[in-house]
> 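Quick one: the structure is below, and I'll ask about it shortly.
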There are 2 protein chains.
Amino acid sequence: MAQHNAFYAQSGGVTAVINASACGVIEACRRHDDRIGKVYAGHNGIIGALTEDLIDVSQESDEAIAALRHTPAGAFGSCRYKLKDIETHRTQYERLIEVFRAHDIRYFFYNGGGDSADTCLKVSQLSEKMGYPLTAIHVPKTVDNDLPITDNSPGFGSVAKYIATSTLEASLDIASMCATSTKVFVLEVMGRHAGWIAAAGALAGQGEGDPPHLVIFPEIDFDRAAVMARVEESVKKCGYCVIVVSEGARYEDGTFLADSGNTDAFGHRQLGGVAPTLAGMIKQDLGYKYHWAVADYLQRAARHLASKTDVDQAYAVGEKAVELALDGQNAKMPAIKRISDEPYAWTVEAAPLADVANREKFMPRDFIREDGFGITEQCRRYLAPLIQGEDFPPFENGLPKVAKLAKHRVERKLPEFKL
Amino acid sequence: MAQHNAFYAQSGGVTAVINASACGVIEACRRHDDRIGKVYAGHNGIIGALTEDLIDVSQESDEAIAALRHTPAGAFGSCRYKLKDIETHRTQYERLIEVFRAHDIRYFFYNGGGDSADTCLKVSQLSEKMGYPLTAIHVPKTVDNDLPITDNSPGFGSVAKYIATSTLEASLDIASMCATSTKVFVLEVMGRHAGWIAAAGALAGQGEGDPPHLVIFPEIDFDRAAVMARVEESVKKCGYCVIVVSEGARYEDGTFLADSGNTDAFGHRQLGGVAPTLAGMIKQDLGYKYHWAVADYLQRAARHLASKTDVDQAYAVGEKAVELALDGQNAKMPAIKRISDEPYAWTVEAAPLADVANREKFMPRDFIREDGFGITEQCRRYLAPLIQGEDFPPFENGLPKVAKLAKHRVERKLPEFKL
């Protein structure tokens, strides 16, 4: 059969395992070199395609590609750049097709979250309209776990494992210290719109009364008095209190806790996240000594503690993307399908992009305990398998070894394009 | 020979490997059961001795004790409770001897930092004065790495490995995102008085221009203009800037950055650490989009990423403490002695407590680069061996397995004692 080239790009916030998906895509392409010629990667995501800034992945060694599996973040560069609707941004969509045509790219693999699923679908539709034979496949990725259809979003399981482990470890720390020192520990986690990551913190506790004693979800209106009552109860009963709070925690009126409108002495907006804000409230209302941590990028970059399940799934959706493309299945997303909870069994199936784009998966209300401060057994059954297994990277000189790519650029063939 | 009991207590801020020292002490005691009868642990450190709240370690299984080696934090409880000079607190010192006498405790193992070394020495001196035959050994521990004589302080190497790894991982994250999004990432680390932990962040960079681009030490006066110039230079050259900042970063007049005296709209002291403060300055002066993280307890509890060197040393000083005690060496601390940098070779030798107590080890000025924003080769040679090797704990259900102790209490024999 005729041989054509493939294009791969990473989109949006990166994860500990998005490069494992890249590895899956690239290795599968290499296995099918009768039909797929070169793989080009967009330098800094879709911007690389628009500006014809392409990395020739075929010049990377097999070892370098294999190392992507254990390298966090986006090895080819990602971007936050959303193509709007075709009417507004038609020249951009057309430019994509133009670049694809110039480089004989017939396979488009777009690795991202909800927005990129939408872009992928539109590119597919426009190429059809323009009569350019393109197969567009979306490879799912997001720590937010908000993609529909797929059992979970690759990237989430590793953040979940990191947050559950960190909560467990920090809980042991404060438990040791609480007799004479810190009484409250607050860990702020990502997830502005949904409490999936906060929920994962609850996996640290396995029995009644185990920390974390409170999980604060963006889905539940923040009620200061109710939270304080629970903190006080926990300190009185256990001697300390561990709280996992979502960065998206908000009041009934929708205002974020972290966005309190406070200003400092110079009139600047008060800095700082939810964790210090909440810790300050606790100090003020209850007088307890506190510590707080904000994991931020550490949580989504922590490849050293990735979930093996997550790594395997990230690789599998990348690999499956290529198989679907070669099978002529256009405008699809390889989705993870859960076959059973325990033992956890899963497979990867194709989902139509039209069903994926512009739909978000929220935490079901029955995943959150009735009191709003913890997870239900149903939620635990869903989450527990996602953090199973370890897949430690190789270490060198005490540090994780990461892929070193040569990133040879492809010669440009088209006139410059302004974004 | 006659058999007597031993007492072990944990003191001050805990670490990822203080329980590995406990494991070393207890397993060595068990191997010498001809001379050491029971091991009693202080519940919540020295407070446990004062209040006669003793845990009978002899009732813990060998498996539970072995699991201490991979369990972070203080399994028997620690405390921040400093005994003052003997004149002021004489009744407390006498009470300690009284409790030791009541329970036939002739070996005192005190696992902590500088303050506990001092307490250990005083207890030893008073017992001699009172004619009670006690052998007192201090087991070194502190993430601050400020104990003298010993090559490093057990607990530090694991924090160093965690911070270096987290800096590396987060740097890959921001490098992927910087084309269209975050330009500056700030990681706040522990170390209020010395920059040892901040220095460890620099191990993430191995070549010229590698992140972190700035390390901000408490030893170097914070010069806002100089810092901003470097941040701007880094963003212009590399596209982004990674900063590791010590919680102890301070201005020339000694004021901490985090302690800016700012107040919020309600007149409360502004919350938040150095990282958000510095990030806010960068936004204000340079306009860059930023992310920041505060690792707090996560860094010192991260047993999942402990340095094997650190775990081995923590165990070794615990074991050696018992050997010294049985050898009749009173008022000593097992200190790590570096034999060579590369390959790293070390041994454990006895140091007189009189030389340890009330002396702090600061970062030598020639460990900090002349410009004040990074480490020298000399510093790297010192630090690099301390993060070598991995010692992953066993995992169960996706989470690190930790020791579960029964913590049977010893029956009290003395009247109550008020602290």
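Below, chains carry the letters A, B, ... as their sequence lines are ordered, and counting in each starts from 1.
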> Below 30° counts as parallel, above 60° as perpendicular, anything between as tilted: where do the rings of A:H304 and B:Y162 land?
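The arrangement is perpendicular - the two ring planes meet at more than 60°.
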
> Is A:F76 close to chain B through its backbone or its side chain, or both, or neither, when contacts mean heavy atoms under 4.5 Å?
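It is neither, since no heavy atom gets under 4.5 Å.
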
> Return the option, out of B:H43, B:R80, B:E169, with the maximum number of heavy-atom pairs under 4.5 Å with chain A.
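That would be B:E169.
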
> For the interface with chain B, which of A:L305, A:V402, A:L168, A:I174 has the highest count of heavy-atom pairs at distances below 4.5 Å?
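Looking at each of A:L305, A:V402, A:L168, A:I174 in turn, A:L305 comes out on top.
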
> Quick one: of B:A179, B:A170, B:S78, who has the most non-hydrogen atom pairs under 4.5 Å with chain A?
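Among the listed options, the one with the most contacts to chain A is B:S78.
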
> Heavy-atom cut-off 4.5 Å, strictly under: side chain, backbone, both or neither for A:Y344 against chain B?
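Contact with chain B: none, neither part.
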
> Any chance you could measure B:L50, atom CG, to B:I46, atom CD1, to the nearest 0.5 Å?
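So the gap between those two atoms works out to 6.0 Å.
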
> Measure distances from B:L187 to the heavy atoms of chain A and classify the residue's part below 4.5 Å as side chain, backbone, both or neither.
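For B:L187, side-chain heavy atoms alone lie under 4.5 Å from chain A.
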
> Checking A:K401 side chain against A:A67 main chain: does a donor-acceptor pair fall under 3.5 Å?
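Not confirmed, A:K401 side chain does not pair with A:A67 backbone.
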
> So, taking the atom named CD1 in A:I18 and the one named OG1 in A:T71, what distance separates them when rounded to the nearest 0.5 Å?
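Atom-to-atom, A:I18:CD1 and A:T71:OG1 are 12.5 Å apart.
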
> Taking the six-membered ring for Trp, are A:F392 and B:F392 parallel (under 30°), tilted (30 to 60°) or perpendicular (over 60°)?
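Correct class here is parallel.
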
> Given heavy-atom pairs under 4.5 angstrom as the criterion, report whether the side chain, backbone, both or neither of B:Q388 touches chain A.
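Both parts, heavy atoms under 4.5 Å.
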
> Is B:S181 in contact with chain A via its backbone, its side chain, both, or neither, using a 4.5 Å heavy-atom distance?
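For B:S181, the contact with chain A is made by the side chain alone.
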
> Can you tell me how far apart CG (B:L298) and CG (A:D173) are? Round to the nearest 0.5 Å.
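Nearest 0.5 Å value for the CG-CG distance: 9.5 Å.
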
> At a 4.5 Å cut-off on heavy atoms, which part of A:L172 comes close to chain B: side chain, backbone, both, or neither?
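Both parts, backbone and side chain.
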
> I would like to know whether B:E342 and B:R381 meet salt bridge (charged side-chain N to carboxylate O under 4.0 Å, His left out); could you show each step before the answer?
CA-CA 8 Å; B:E342 210 187 334; B:R381 263 201 310 282; over 6 Å; no

> Which of the residues A:N397, A:T167, A:T15, A:L203 is involved in the greatest number of heavy-atom pairs with chain B at under 4.5 angstrom?
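With the most close heavy-atom pairs to chain B, the winner is A:N397.
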
> Do the side chains of B:K161 and B:D310 get close enough for a salt bridge, i.e. N-O under 4.0 angstrom?
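No.
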
> Counting heavy-atom pairs closer than 4.5 Å to chain B, which one of A:A293, A:G398, A:G77 comes out on top?
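Sorted descending by pairs with chain B, the first entry is A:G398.
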
> Would you please classify the geometry between the B:Y297 ring and the A:F185 ring as parallel, tilted or perpendicular, with 30° and 60° separating the classes?
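Judged by the thresholds at 30° and 60°, the geometry between A:F185 and B:Y297 is parallel.
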
> Between B:A384, B:A302, B:A295, which has the largest tally of heavy atom pairs under 4.5 Å with chain A?
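It is B:A302.
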
> Counting neighbours of NZ on A:K82 that are heavy atoms of other residues, nucleotides or ligands and sit closer than 6.0 Å, is the number greater than 12?
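Counting neighbours around NZ of A:K82, more than 12 heavy atoms of other residues, nucleotides or ligands fall under 6.0 Å, so yes.
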
> Does any heavy atom of chain B fall under 4.5 Å from the side chain of A:A204, the backbone, both, or neither of them?
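Just its backbone gets close to chain B.
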
> Please look at A:N44 and chain B and tell me whether the side chain, the backbone, both or neither of the residue comes under 4.5 angstrom of a heavy atom of that chain.
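Side chain only.
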
> Flag the one option from B:P400, B:C178, B:A160 with the top tally of heavy-atom pairs under 4.5 Å to chain A.
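The answer is B:P400.
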
> So what's closer than 4.5 Å to chain A heavy atoms on B:Q206: side chain, backbone, both or neither?
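The answer is the side chain of B:Q206.
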
> Mind checking the CG-SG spacing from B:L419 to B:C79? Nearest 0.5 Å is all I need.
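Atom-to-atom, B:L419:CG and B:C79:SG are 9.0 Å apart.
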
> For each of B:E396, B:R300, B:K308, B:R303, tally heavy-atom pairs with chain A at distances under 4.5 Å, and name the one with the top tally.
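Option with the top pair count is B:R300.
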
